[in-house]
Structures are given as structure tokens and as C-alpha cells.
Amino acid sequence: MPELPEVETTVRGLQKTILGLTIKEIWTDLNTKDKRQIGNIANPRFFLYFKKEVLNKKILSVERRAKNILINLNNNKTILVHMKMTGHLLFNNKDKFVHVLFYLSKNNFLAFSDARKFGKITLINTNTIHDSTHLKHLGPEPLDKNFNEDKFKKALEKKPKGKIKTVLMDQSIIAGIGNIYSDEILWRIGMHPERKISKIKPSEFKTMFKALREILSKGIDFGGDSMSDYINVFGEKGEFQLHHKAYRRTGEKCKKKNCKGIILRKIINGRSAHFCNIHQK
DNA sequence: GACAATGTTACAGT
DNA sequence: CACTGTAACATTGT
């Protein structure tokens, strides 16, 4: 599951359910042939190591970094889960795409469901989390208390020639934003997704920073976006998809007050961008 | 059958 | 080096 609000919703669900439990057994039917997936339990050799390290360990805490879920154990190891496109974690709950099962103490279980099998589950050292190859390239957390307008502007300005939509989705510039939320942020502030960073005015950075925080927070408040297949650990859908202004509204009327525009779709750097033909400039 | 899909990464080319 | 396009990962849903 995809972007920051969906991952955050999942993490909050895990914090209510799995803390203090012990991992008793693990099952998977994944078996990748993708040579790039070295530290992934879909790799049979890694799975054996993973199992050895994780069995009989207790879950101390769960946190989020960008779109990654971090499950901290009592042996200085952290299970890192990245859901990619279609993954989700389910507590005491299964659906037809379950590929990994963590059997937990007190007859509980955590299932990893992933229709497209792109997801990644790996293990890193808790005390050197920042040096992990999976996390070290990531930019700042947009909802962090210490993140501000100035830091936001400086981060984006590392890509002066980049298109705003592409840069917002670049995890090394700012963490957690993907295709849905970038479309919604740009619709809100009336900026064309292909606007070059160098052509953004200071006042626009300010508005964008505010909109970005508000929209990501709104995504969390609505329990994530279930336009596609996201569900939380209890198997429940989120509701952000009911409030889209741009994402997947191709051909529909723009919802901005007094705007007569329609929503267009265009591939920008390999991803579908949805935007109003009139008010996004 | 064709096409698109919330993500990431490698690679080739400009 | 910076950036872009494409493919790949594997599968479902429209």
C-alpha cells in the first residue's frame, strides 16, 4: 500500500494489535527469480536466515519511515516491510492473496497479502537503521515537526530542472508522496504537473508546503485511499478516494469553484498525471 | 484482448 | 553528471 497515509494507517493499526507479541512461526509461498531481490524473504536462502533471526523474538514497537513499515524486535533487528503497489498487512485476517504468514503468540497471526507480489520484506539492524541501504537515500518526512517551509524549498531546489510532479514523488527529495497525493496537491494549489522547479515562486512554495501537509493529513484522517486495493490491518477500506479532485477523474469536470475546466490525463516521466486543463498553470 | 494499476530500480540513450 | 524513457518484477480488474 502505497503512499504515506496508507502506510501510516497500517502502522497505527499494528501499534494497536501486535505490540508485545512473539513471532512463533513464519510461512511463505514466495519464491522469486528476480536476482535483484537479494535481501527479500521471497529469496529462499534469505528466508532461512530471516526465520532464524526472527523466531521467538518479541515485537517491541512499530514505526514508519517514508513508505516503509518498521517492526522493531527485542534482538536489535527490525523487520522492514515495503508494500510496493498492492501489498497490505492483515491482523487475524486473510484474503485470497496472502503470501506470507507470521504466526504470533496467543493464537494471533499477521498476514502479508500482495496480489502483484512486488512487496519486499527484509531484516535490518535496529541500531544502524539510518545506514541501511533501504533507508539511507530517503529525503525528509513531510509531516515531521521539524520539517518546515524552508527545508521543503531547499529540498525541491536540488532538482531545478525537474518537473514538479516528478520531484514530489522522488523519495530522495521528500519521503512518502506518490501518484495519488502528488496529483491532489498540485490540483489544490493550481500548479501544472510539468512546471519546472526553477519556475516556482517563493509564494508558491509556501502554498504548496501547506497544501502538502494538509492533504497528507487528510489522507490519514480518512484512513487512507482505497481506490485500488488498499485495506487496513482490520480489512477495512479507507475513504480518501471519495474526496479525489484530480486522481483518476479523467474527462470529468473540475471541482474547483467557478472553474470550467476538465481533468486531463497525461503520462509524465512514466506515470499518469491527472490535472485540470484550466486552473493548473 | 488491450490497457492500466498506490512503487522501485536497473539500464540505455540523450 | 543529470535527466528521460523503457522494461522488469507478476497479477488483477475493467
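A, B, ... follow the sequence lines: proteins, then strands. Residue 1 opens every chain. Bear in mind the structure is a predicted one, so any value in this text is a computation, not a measurement.
- In terms of modelled atom types and a separation under 3.5 Å, the side chain of A:Thr78 and the main chain of A:Asn72 share no donor-acceptor contact.
- One P atom belongs to C:dT6, the other to B:dC3, and the distance between them is 14 Å to the nearest Å.
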Every protein N/O lying under 3.5 Å from an N/O of nucleotides 11-14 of chain C:
unit_1	atom_1	unit_2	atom_2	d
C:dT11	OP1	A:Lys117	NZ	2.6

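- As judged by a 4.0 angstrom heavy-atom cut-off over every strand, A:Tyr181 is placed among residues making no nucleic acid contact.
- Not one side-chain nitrogen or oxygen of A:Thr86 sits closer than 4.0 Å to the OP1 or OP2 atom of C:dA10.
- Salt-bridge formation is not detected for the pair A:Lys218/A:Glu184: no Lys NZ or Arg NE/NH1/NH2 atom is positioned less than 4.0 Å from an Asp or Glu carboxylate oxygen.
- Ring planes of A:Phe222 and A:His243: parallel class, angle under 30° (limits at 30 and 60°).
- We find that NZ of A:Lys196 is positioned 13 Å from C1' of C:dA2, with the value rounded to whole Å.
- Listed for the A:Asn125 side chain is no donor-acceptor partner under 3.5 Å among the backbone atoms of A:Asn127.
- What separates CG of A:Asn269 from P of C:dA7 is a distance of 15 Å, to the nearest Å.
- Rounding to whole angstrom units, CD1 of residue A:Ile121 and C1' of B:dG7 are separated by 15 Å.
- Between the side chains of A:Asp183 and A:His274, at least one donor-acceptor pair of N or O atoms lies under 3.5 Å.
- Contact check for A:Tyr181 versus A:Leu212: no side-chain heavy atoms found under the 4.5 Å cut-off.
- A side-chain donor-acceptor contact under 3.5 Å links A:Thr86 to the backbone of A:Arg116.
- The OH atom of A:Tyr230 sits 16 Å away from the C1' atom of B:dG7 (whole-angstrom rounding).
- Checking A:Ser272 against A:Arg265 by side-chain atom types alone, a donor-acceptor pair falls below 3.5 Å.
- With rounding to whole Å, A:Lys120 atom NZ is found 10 Å from B:dG7 atom C1'.
- Of the residues in residues 158-179 of chain A, those with a non-hydrogen atom less than 4.0 angstrom from any atom of DNA chain C are A:Lys159, A:Lys161.
- Taking 4.5 Å as the limit, some side-chain heavy atom of A:His244 sits within range of a side-chain heavy atom of A:Asp225.
- Rounded to whole Å, atom P of C:dA8 lies 20 Å from atom CG of A:Asn40.
- In this structure, A:Arg65 atom CZ and B:dT8 atom P are separated by 12 Å, rounded to whole Å.
- Salt bridge status for A:Glu8 with A:Arg12: present, with a side-chain N to carboxylate O gap under 4.0 Å.
- Between the CD atom of A:Gln241 and the C1' atom of B:dA5 there is a distance of 15 Å, given to the nearest Å.
- Distance alone, capped at 3.5 Å, is enough to place a donor-acceptor pair between the A:Asn93 side chain and the A:Phe234 backbone.
- Across the C1' atoms, C:dC9 and B:dG1 are found 22 Å apart, a figure rounded to whole Å.
- Looking at A:Trp187 and A:Lys255, their side chains come closer than 4.5 Å, going by heavy atoms from C-beta outward.
- Taking only side-chain atoms of A:Lys84, from C-beta outward, the nucleotide of B:dT9, B:dG7, B:dA5 with the closest atom is B:dG7.
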**Request:** Dot-bracket for DNA chain C, please, read 5' to 3', with Watson-Crick or G-U wobble pairs under 3.5 Å on both distances, ( ) within the strand, [ ] crossing, | other strand, . unpaired.
**Result:** .||||||||.||||

